[in-house]
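The block underneath contains the structure these notes are about, expressed in C-alpha cells.
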Amino acid sequence: MKLYNSLSHEKEEFKTYEPGKVSMYTCGPTVYHFAHIGNLRSYIMEDVLEKALRWEGYEVKRVMNITDVGHLSSDADTGEDKMLKGAHREHKTVLEIAQFYTDAFFDDCKKLNIKYPDVVQPATGMIDSYIKVITKLIETGYAYFAGGNVYFDTSKLKKYYVFNDHDVEALEVGVRDSVEEDPNKRNKNDFVLWFTKSKFEDQALKWDSPWGVGYPGWHIECSCISMKFLGEHLDLHCGGIDNAFPHHTNEIAQSESYLGHPWCTHWFHVHHLNTASGKMSKSTGEFLTVSLLEEKGYDPLVYRLFCLQSHYRKALTFSWENLDNAAAAYDKLVRRIAALSAGGAVAATAQEPWRTQFREALDNDLNTSLAVTALYDVLKADLSDADKRALIADFDRVLGLELLEHAAALAKKESAALVGEEAGEIEGLIAQRAQAKKDKNWAEADRIRDELKARGIELIDTKEGTAWKKL
RNA sequence: GGCGACGUAGCCAAGUGGUAAGGCAGAGGUCUGCAAAAUCUCCACCCCCAGUUCGAGUCUGGGCGUCGCCUCCA
C-alpha cells in the first residue's frame, strides 16, 4: 500500500517495524465540547485507513488518547452547551464533564460507523509517565527548568522542523495578537513540558511533581501514551493537518530525544473540512455536529459517504447542497443494492477483477473516491447478484457504509406491508386501486394514490404488483 | 512576511506524458394509462502565460486565486 508520508512529502510504500503488524496512534479529542463534523472527518478517514490495513491482512493495534487535561474552569463559561452549564450548576467536576463529552464523542463515532480503538487512554491517567519522561529529558540535557516551568530545549536538536522547512528567523512573532512571548524560553521554539506557573491561573486539575504542583504540557501526553501501549517504534501516527505543527513536531522532539532513536516512521495527516467561509471551528461560527445532521434528517452515514467521495489530503468544502448530493447518492445506492436478488451462485474467481480494482484504489494513497467508483462498477458489472452482494459486503468492510444492512432494512420496510393494522388498510386501498386500474378508472386510481401520498405513503408499481413505502 | 497544500463540467470528484473515470443535479429515449422506480443515451477547449516533448490536465518556470499552519481551539 502506498501512502503519502508527511515526513518525506511523498507517497511511499507503507512498511511496518514488525512484519504484518501495524502500531497506529491517533490524536484523540479534547473533551470539553462536542466534536464538530470537521473533527470527525479526520476520524472517518483514519477509520477507513485502519479498516483498509486490516482488509489487506495486517494486524492493527490502534491507540487513542483523550485529552482531558487543560480544562480551564473559565473555558466552560464560554460554551453555550446546556449540559455543560448544567454540569456547572449541578457542581459536576471537570472530570465528569470530560466523561460526558468523551461519551458524546464515541456516540458520534458509532453513528458514523467508526470502530472503537483497541486502546483509549485519558491523559489524566498517565501523570507518572509524563514525570518519568520529563525527568529523563532534564537529566540528558534536553529540558530545563525556568521560571517555574519545565521547557524542552529545541536548540539541542539537529532538526526541529521535521514537516516543513521553516526558517526560524523568518517566523514572525505574534502573528496572532493574543500570543504573548514567554520570557523564560531560551529559544523561540521551546515548549513547555510541565507547568507550575501559567497565565491560566484557573487551571482546574493539578498534580504534584518534582518541579512543584502543576500540570503537563499539551504535547507530552501523546508521546507517553503512544510509547506505553505501542512501544518504542511506532508505524503510523494520524491526526488533523493542523496538528502537524506544533503538536506533532513537538511529539517527535520529545519522543526521539527520550528514546535516543527514530520513533515514528509514517505520518498521516487529514486535511480540513471547510465551509464557504473557511475552516470549520468553534470560533468561526458554523459548528455542525452529528446530532444536528440527524435533526435535519440526514443519516450520519451520508456524511461518511460525503467524506469518502473526496480524498483525505484535499480540503473538502461542506455545504448543504453537497450533503444533499451525497444523501441522494447514498439513497440510490442502497436502493440498487436492495433490488439485488438474494440467491444465486457465488464464483470467487469471477469477483477477482473487481476486488483488484478496489485494492488498487486503496493502495494508491487511500483513494476512497476511486474505491467508491469500484462499488458502482460492481453494480453495473456482468456478475451474478450473489457475486455482487459478496463484493459489496467485502468492500463495505473498508467503506463502512452499512450498505447491505440498510438495503435489508429497506426491503423489510417495503415488505412490512403484510403486517399491522395500518398496513392492512393500505393493502386494502392498493387492492381497490388495482381494481380501479383494471376498470381503467384512472381518476379513481390516481385519487387513491394521492390520498396515500398525503399520508406519507408512496406507491411503486412493478411488474409483480404494487409495492409501497413510507416517505 | 515564512512554510505547506490545492485550483478539472452547475456541484462533488478520478487522473502521476498518449486523443478527459465515476457520482449528484439537468436534458432526452425505453418501460408504464399517467406518475414513481428501473434502465439506456447526452452533457468539459482541465485558472492564466511561457517552456520541454512527436505528444501535457499530467513535467519545468512565472503569474493569479483559494485554503491551512506559524506555539497552547490535540
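Just so we're on the same page: letters track the sequence lines, and every chain starts at 1. FYI, side chains are in, hydrogens and waters are out, and symmetry mates aren't considered; it's all heavy atoms of this structure.
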For the side chain of A/Asn274 and the base of B/G68, is some donor closer than 3.5 Å to an acceptor across the two? no
Examine A/Phe191 together with A/His219 and report whether their ring centres are nearer than 6.0 Å. yes
A/Asn5 atom CG is separated from B/G4 atom P, nearest whole Å, by 16 Å
Once you apply a heavy-atom cut-off of 4.0 Å, does A/Glu251 come out as touching a base, just sugar-phosphate, or nothing? nothing
Picking from B/C72, B/U39, B/A21, the nucleotide nearest the side-chain atoms of A/Arg336 would be B/U39
Base B/A5 paired with A/Arg313 side chain (donor-acceptor, <3.5 Å): no
What does A/His248 touch in the nucleic acid at a heavy-atom separation under 4.0 angstrom: a base, only the sugar-phosphate, or nothing? nothing
Nearest-Å distance once atom P is located in both B/C42 and B/C24: 16 Å
Quick one: which of B/C6, B/C12, B/C73 gets closest to the side chain of A/Gln309? B/C12
Any side-chain N or O of A/Asn367 less than 4.0 Å from the OP1 or OP2 oxygen of B/G15? yes
Name the pairs: protein N/O against N/O of nucleotides 7-9 of chain B, kept only if under 3.5 Å.
none

Sequence-distant partners of A/Asp331, side-chain hydrogen bond (donor to acceptor under 3.5 Å, both in side chains), two or more places apart: A/Arg335
Using the C1' atom as the point on both nucleotides, what is the distance between B/G51 and B/U39, in whole Å? 49 Å
Whole-angstrom distance between B/C45 and B/C67, as gauged at atom P: 26 Å
Output field: ring centroids A/His266/A/Phe14 closer than 6.0 Å: yes
Could a donor-acceptor pair under 3.5 angstrom be found where the side chain of A/Asn325 meets the base of B/C11? yes
May I ask you to say what A/Leu333 touches in the nucleic acid, namely base, sugar-phosphate or nothing, with a heavy-atom cut-off under 4.0 Å? nothing
Examine A/Lys296 relative to A/Trp320 and say whether NZ or CZ is less than 6.0 Å from the centre of the six-membered ring and inside a 45° cone about the ring axis. yes
With a 4.0 Å cutoff (strictly under), does any side-chain N or O of A/Lys332 reach OP1 or OP2 of B/G23? no
Is it true that A/Ser209 and A/Trp194 share a donor-acceptor pair across their side chains at a distance under 3.5 Å? yes
